[in-house]
Amino acid sequence: MPELPEVETIVRKLRTGGKNGVPPLPGLRITGVTLRWSGHLAEPSAAAFRRNVRGRTIQDIHRRGKYFVLPTDKGTLLIHLKMSGDLLLEAARAPRDRFERTVLHLDGGWELRFNDARKFGRIYLLDDPERRLDRLGPEPLDPGFTPQLLGERLSARRRALKPLLLDQAFLAGLGNIYADEALHRASLHPLRRSDGLSEPEVHRLWRGIREALRQGLRHNGASLDWVYRGGTFQNHFRVYQRAGEPCSLCGTSIVRAVIGQRAAHYCPSCQPERWP
DNA sequence: CACGAGACCTGTTCGC
DNA sequence: TGCGAACAGGTCTCGT
């Protein structure tokens with residue numbers, strides 16, 4: 001489910017607090033933890049995590065790539081939702097989700113709940129979170145992410161655009177939805193080689209990436225199926241999961257293909273594999 | 001370095 | 001209605 005815009009939407013909500021008196025997450029102290037699926041804990045082990053997380057006060061929450069970053073007064077929590085995770089701050093007495101796996105109990109009767117149907121999500125409690133976050137590529141919405149930087153990184157590689165955009169070490173935050181949507185906005189075929197783009201094409205890709213992400217953010221992310229709720233970007237998809245439907249720009253049927261073992265959606269007319 | 005296959009998991013939806 | 005197959009927002013590791 002969650003790519004950059006979905007994670008960022010959740011971060012903003014947790015940082016400011018919500019309706020019904022839900023407080024901001026920063027400032028709350030962790031009083032205990034419930035682990036219904038210990039596989040959630042990547043590092044350290046469940047026993048050490050249990051021991052070390054109790055009594056920590058969450059000082060902040062922000063995002064790096066698709067990771068939630070929660071510095072505490074001793075150690076930093078990293079949370080990755082992977083495919084089917086969701087993170088909610090709720091009253092302890094609120095009914096719990098069927099797929100609630102991990103709960104951080106907080107002062108004041110609040111709980112940070114990690115729901116995760118597929119159990120792919122992971123939690124880290126690290127003294128040095130950079131050790132992991134350093135592996136990520138640049139943040140596409142940061143001012144430092146310029147068309148020039150993108151161009152340099154593209155030409156340093158020799159891969160198809162689609163799998164490269166999904167590589168978090170190349171660029172942090174895009175997933176299958178936003179990669180497809182970015183390529184359509186850039187009018188670039190997903191199989192175009194990264195080192196074969198003209199300067200205008202690099203610029204289009206840069207703009208396409210940022211437009212897709214910004215639009216996603218504006219709509220609080222995308223909500224598909226039963227997994228994540230709250231976002232409406234799914235109503236603005238131009239290609240993702242729209243195979244057979246007409247392209248909003250030219251009317252040609254959107255195509256679905258498998259590229260790098262993932263579904264890819266594109267308009268064969270607006271995104272030609274090569275120019276004549 | 002690039003790429004594909006398989007693994008990790010469970011749930012929903014589709015096709016017969 | 002039932003049942004198996006296909007498919008799903010993401011990484012990670014291993015072999016070629």
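Chain A is the first sequence line, chain B the second, and so forth, proteins listed ahead of strands; every chain is numbered from 1.
Which of B/dC3, C/dC12, C/dA8 sits closest to the side chain of A/Arg193 comes down to B/dC3.
Remark: DNA chain B forms stems of 3 or more consecutive Watson-Crick or G-U wobble pairs, all pair distances under 3.5 Å, at B:2-8 with C:10-16, B:10-16 with C:2-8.
Using the six-membered ring where Trp is involved, A/His40 and A/Phe114 have ring planes that are parallel, under 30° apart on the 30 and 60° scheme.
Within 6.0 Å of the CZ atom in A/Arg214, the count of heavy atoms belonging to other residues, nucleotides or ligands exceeds 12.
When heavy atoms are screened at a 4.0 angstrom cut-off, A/Arg135 is found touching no nucleic acid atom at all. A/Gln261 comes within 4.0 angstrom of a base, heavy atoms only.
Atoms CG (A/Asp180) and C1' (C/dG10) sit 14 Å apart, rounded to a whole Å. To the nearest angstrom, P of C/dT13 lies 15 Å from CD of A/Gln168. Between A/Asp167 atom CG and C/dT13 atom P there is a gap of 13 Å when expressed in whole angstrom units. Distance OH (A/Tyr240) to P (C/dG9): 3 Å, rounded to an integer number of Å. Atoms CZ (A/Arg262) and P (B/dG6) sit 17 Å apart, rounded to a whole Å. Atom pair A/Glu8:CD and C/dG9:C1' shows a separation of 17 Å (rounding to whole Å applied). The CG-C1' distance, from A/Leu165 to C/dG10, rounds to 15 Å in whole Å. Rounded to an integer number of Å, the gap from CG of A/Leu78 to C1' of C/dT11 is 15 Å.
In summary, A/Glu181 and A/Arg238 do not engage in a salt bridge, as defined by a charged side-chain N under 4.0 Å from a carboxylate O.
For the pair A/Lys66 (side chain) and A/Leu174 (backbone), a donor-acceptor distance under 3.5 Å is present.
Nucleotides B/dG11 and C/dC12 are separated by 22 Å at their C1' atoms, to the nearest Å. Across C/dT1 and B/dT10, the matching C1' atoms stand 23 Å from one another, rounded to whole Å. Taking atom P on both nucleotides, B/dG6 is separated from C/dC7 by 15 Å, rounded to a whole Å.
Contact between the side-chain N/O atoms of A/Lys66 and the OP1/OP2 oxygens of C/dT11 is found at a separation under 4.0 Å. One finds a side-chain N or O of A/His80 lying less than 4.0 angstrom from the OP1 or OP2 phosphate oxygen of C/dT11.
Taken to the nearest 0.5 Å, the CH2 atom of A/Trp206 stands 8.5 Å off from the CD atom of A/Gln148. With rounding to the nearest 0.5 Å, the separation of CG in A/Leu183 from CG in A/Leu205 is 6.0 Å.
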Salt bridge (Lys or Arg N to Asp or Glu O under 4.0 Å) assessment of A/Lys74 paired with A/Asp127 | CA-CA 7 Å; A/Lys74 188 172 180 298; A/Asp127 291 329; 5.0 Å; no
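When the options A/His80, A/Arg131, A/Arg132 are evaluated for a side-chain hydrogen bond (donor to acceptor under 3.5 Å, both in side chains) with A/Tyr124, the one that passes is A/Arg132. Of the options A/Arg63, A/Lys13, A/Arg218, a salt bridge (charged side-chain N to carboxylate O under 4.0 Å, His left out) to A/Glu8 is made by A/Arg63 and by none of the others.
Between A/Phe233 and A/Tyr240, a ring centre-to-centre spacing not shorter than 6.0 Å is recorded.
Toward the 5′ end of DNA chain C lies the nearest nucleotide of A/Arg256, the other residue of the pair A/Arg256 and A/Arg132 mapping further downstream.
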Nucleotides 9-16 of chain B: protein proximity per nucleotide (B base, S sugar-phosphate only, - neither; heavy atom, under 4.0 Å) = BBSS----
